[in-house]
Amino acid sequence: MASTNQSPFYKKAEEKFLNAKDDEERLFYLDEMIRECPKHKSSEAMLANLKTRRIKLIEKIERIKKTKKSSGKPGIRKADMQAVLIGFTNSGKSAILTKLTNAHPPISPYPFTTQREEIGTMSYQGIQVQIIDQPSLKNENFDIGLINNTDLVLIVVTKIEEIKEVEPYLLHSRAKKLIVFNKTDLLNEAEKRKIGASLQSKKYNFVMTSAMDKNEGIDELKEKILSSFNFLRIYLKEPGKPASQIPMIMPVGSVIKNVANKISKQLLASISEIHIWGPSSKFPNQKIGLLHELKDKDIVEFKTR
Ligand SMILES: Nc1nc2c(ncn2[C@@H]2O[C@H](COP(=O)(O)OP(=O)(O)OP(=O)(O)O)[C@@H](O)[C@H]2O)c(=O)[nH]1
Ligand SMILES: [Mg+2]
């Protein structure tokens, strides 16, 4: 679409439209383009064109929603921290999922055992990470959308050459990548060392694992998954009580106001005093304000009216 005579606002919206990650985001920016499109005679045709595209896009979104419903595929609500497994069939993705989480997906030596998403929760050091296993590459039910919209991609391979073969599927994903070289129990020590050295020399972020009885590398994998995320653990405390054992997860750079807001709008409106202990405090029980910037492992107490 020619946009040569358009305002900078229109061009900005169009650029965002072209780079949108999914149809819902596309619709959002298409609406913005319609708002920014001049409403005079010379741009009538263009405006009509945009409106037709809008109708078609809404129809497409509705269609996809319906087919998802009829196939019984549950919509996945993305958690704060999420990782998605990717790899060729039989690399052991489902076996890895059972080692990391509470999920029990089918595992078998036959190819293409996994036919739909399997969701598990990894609980490690008080933090929960949602982990998703899905049909293998080359399976018609493989969903690239999951890869594009997640925070961390776990690339499960059993040969070094497979890493290059997976790369084309990761072109549109902004997620961090972690290579899981699985089935180390099938290798002797010399082979393991050679593969480890090769992965190291290529500067890959990797873990070597066995999802079989010895669980080699599984704890290291959990550690690496956790350290892939940039987050703060904030422990809440009620006046006169010890701090909660379970942290609230906040993005790096969060201030007290963000924490209160995440708990509830009512809380934010009724705070009378805030006290803090831990890394961001000058001294224990320091009284602070809403714009105080938090650090990992801070303990926060809200007093309300
Ligand atoms: N020896 C060994 N076998 C493994 C390991 N991990 C998985 N397997 C076996 O490899 C086979 C495939 O494992 P799955 O977890 O089903 O593989 P997948 O990647 O989910 O493949 P799909 O069938 O496409 O879903 C099964 O027989 C597993 O028991 C491992 O670390 N060592
Ligand atoms: Mg599987």
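For ligands, and for the atoms within them, numbers begin at 1 and follow the listed sequence. None of these values were measured; they are calculated from a predicted model. Side chains included, hydrogens not; waters and symmetry mates left out as well; all remaining heavy atoms used.
- There is no side-chain donor-acceptor pair under 3.5 Å between Ser173 and Asn148.
- Between Arg174 and Asp151 there is no salt bridge, since no side-chain N of the basic residue sits under 4.0 Å from a carboxylate O of the acidic one.
- For the residue pair Asp133/Ser94, the side-chain donor-acceptor check at 3.5 Å is satisfied.
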For a salt bridge (Lys or Arg N to Asp or Glu O under 4.0 Å) check, start with the C-alpha distance between Lys214 and Asp185, then their side-chain angles and the critical distance, and finish with the verdict.
CA-CA 8 Å; Lys214 277 199 187 145; Asp185 55 296; over 6 Å; no
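- The distance cut-off of 2.8 Å around the Mg ion (ligand 2) captures these protein N, O or S atoms, sorted by chain and number: Ser94 OG, Thr114 OG1.
- Between the CD1 atom in Ile86 and the CG atom in Leu170 there is a gap of 5.0 Å [rounded to 0.5 Å].
- For Asn141 and Gln115, the side-chain atoms include at least one donor-acceptor pair closer than 3.5 Å.
- Counted by atom type alone, Lys265 and Asn261 present one or more donor-acceptor pairs between their side chains at under 3.5 Å.
- Closer than 4.0 angstrom to ligand 1 lie heavy atoms from Phe88, Thr89, Asn90, Ser91, Gly92, Lys93, Ser94, Ala95, Ile107, Ser108, Pro109, Tyr110, Pro111, Phe112, Thr113, Thr114, Ser136, Asn182, Lys183, Asp185, Leu186, Ser210, Ala211, Met212.
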Test log, rule side-chain contact (heavy atoms from CB on, under 4.5 Å), inputs Phe9 and Glu14: CA-CA 9 Å; Phe9 298 109; Glu14 187 180 38; over 6 Å; no
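- Heavy-atom contacts from other residues, nucleotides or ligands closer than 6.0 Å to NZ of Lys287 number 12 or fewer.
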